[in-house]
There are 2 protein chains.
Amino acid sequence: MGLVKSELFTDQQNKISLYAKVFGHPARVSILQYLFKINSCVCGDLVNEIGLAQPTISQHLKELKHLGLIKGNVEGTSVCYCIDKKNWIKMKTVINQFLNQDLTQKGDCC
Amino acid sequence: MGLVKSELFTDQQNKISLYAKVFGHPARVSILQYLFKINSCVCGDLVNEIGLAQPTISQHLKELKHLGLIKGNVEGTSVCYCIDKKNWIKMKTVINQFLNQDLTQKGDCC
DNA sequence: TTTGTTTATTGCAATATTACGATTAATATT
DNA sequence: AATATTAATCGTAATATTGCAATAAACAAA
């Protein structure tokens, strides 16, 4: 196997896990933090910033883009990547709904 | 490979990705939602609730426990699992710090 | 047009994850 | 004690992920 049985779960559960999965690698966390920090579009410094090889960074960018969390335009020889703010907010809504489940209850037998 | 180069990243980045990774599977999302919903300790219904085999659920529970998000006590022949509220809040702080990065800026060339 | 610069893609090796059957461990029940 | 019940562990097959060297693609500059 090694194969997630998505059909057992709700769309919401699958969506949450897909978002979470993309954050489940420190390189992607780091890329996103960098895009927020420089707060403009990145044109290639990511490979120097993070210590991974160029194809590896490219692959991580692809996954982030595929999920819609970043936008990217190739501009001549360099590329312009930045956070897709609209989708970032959408993602936050989904994740927060999951994180903010009600904790104010008893039932603590453990 | 198939091996994350954690040493390239900060402790914070690694911590975020470890939390996210555990949410990166719908079965674990589902387990956590169920624990919140029934709001008491679970004693075995998870296998029926979710459609995965008992060893598989047990393995997912182990990961959740290992990260501290749930607590579990064996009680005779059944087991009592519930959310570790203290650690859940800690986790939320870490993740929210990452999700709530400042979006109110221009620099949108894409 | 040739040469550099930058990013994407391909192909592959190493490792990790998912899932489950079979079994074990631990305790209840009879 | 023998039997049932429940959850953990072991072993293993299938698949996914990570990382990078090599290469390709796309364009800029000379």
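The figures that follow rest on heavy atoms only: side chains count, while hydrogens, waters and symmetry mates do not. Numbers restart at 1 for each chain; the letters A, B, ... are given by sequence-line order, proteins then strands.
No contact: B:I57 has no heavy atom under 4.0 Å from any strand. B:K65 comes within 4.0 angstrom of no nucleic acid atom, judged by non-hydrogen atoms across all strands.
Residue A:E63 contributes atom CD, which lies 10 Å from atom P of D:dG19 at whole-angstrom precision. The nearest whole Å value for the distance from the NZ atom in B:K62 to the P atom in C:dT17 is 13 Å. As a whole-Å value, the separation of B:I50 CD1 from D:dA7 P is 13 Å. Here the P atom of nucleotide C:dT17 and the CG atom of B:L64 are 14 Å apart, to the nearest Å. If you take CD1 of B:I31 and P of C:dT18, they are 11 Å apart, rounded to a whole angstrom. Between A:L52 atom CG and C:dT7 atom P the separation is 15 Å, expressed in whole Å. The distance from atom NE2 of B:H66 to atom P of C:dT17 is 12 Å, rounded to the nearest whole Å. Note: CG (B:L8) to P (D:dC20) measures 8 Å, nearest angstrom.
Aromatic ring pairs are classed by plane angle as parallel below 30°, tilted from 30° to 60° and perpendicular above 60°; the pair A:F9 and B:H25 is perpendicular. Below 30°, between 30° and 60°, or above 60°: for B:F23 and A:F98 the angle between ring planes is above 60°, a perpendicular geometry.
For the OP1/OP2 pair of C:dT17 and a distance below 4.0 Å, the side-chain nitrogens and oxygens of B:H60 include no atom meeting the criterion. When the side-chain nitrogen and oxygen atoms of A:T56 are compared with OP1 and OP2 of D:dC20, one or more of them lie within a distance under 4.0 Å. Taking side-chain N and O atoms only, B:K21 has a distance below 4.0 Å to OP1 or OP2 of C:dT17. A sub-4.0 Å separation between OP1 or OP2 of D:dA8 and a side-chain N or O of B:Y81 is present. Proximity of B:K5 to the phosphate of D:dC20: a side-chain N or O atom is located under 4.0 Å from OP1 or OP2.
Remark on DNA chain C: of its neighbouring residues A:Q59 and A:L3, the 5'-side contact belongs to A:Q59, judged by nearest-heavy-atom nucleotide. Residue order along DNA chain D, read from the 5' end via each residue's closest nucleotide, puts B:L61 first among B:L61 and A:A27. When each of A:V4 and B:V4 is assigned the nucleotide of DNA chain C bearing its nearest heavy atom, the one mapping closer to the 5' terminus is B:V4.
Within the 4.5 Å cutoff, the side chain of B:F36 has no heavy atoms near those of the A:D102 side chain.
With rounding to the nearest 0.5 angstrom, the CG atom of A:D45 is 11.0 Å from the CD1 atom of A:I57.
With A:W88 contributing its side chain and A:I70 its backbone, the two residues share no donor-acceptor pair below 3.5 Å.
The base-pairing partner of D:dA2, taking Watson-Crick or G-U wobble contacts with both distances under 3.5 Å, is C:dT29.
Taking the side chain of B:P55 as heavy atoms from C-beta on, and the options D:dT18, D:dC20, D:dC10, the nearest nucleotide is D:dC10.
One donor-acceptor pair, N or O on each side, does fall under 3.5 Å between the base of C:dA8 and the side chain of A:Q54.
Taking hydrophobic clusters as Ile, Leu, Val, Met, Phe, Trp and Tyr residues chained together by side-chain heavy-atom distances below 4.5 Å, A:V94 shares a cluster with B:I31.
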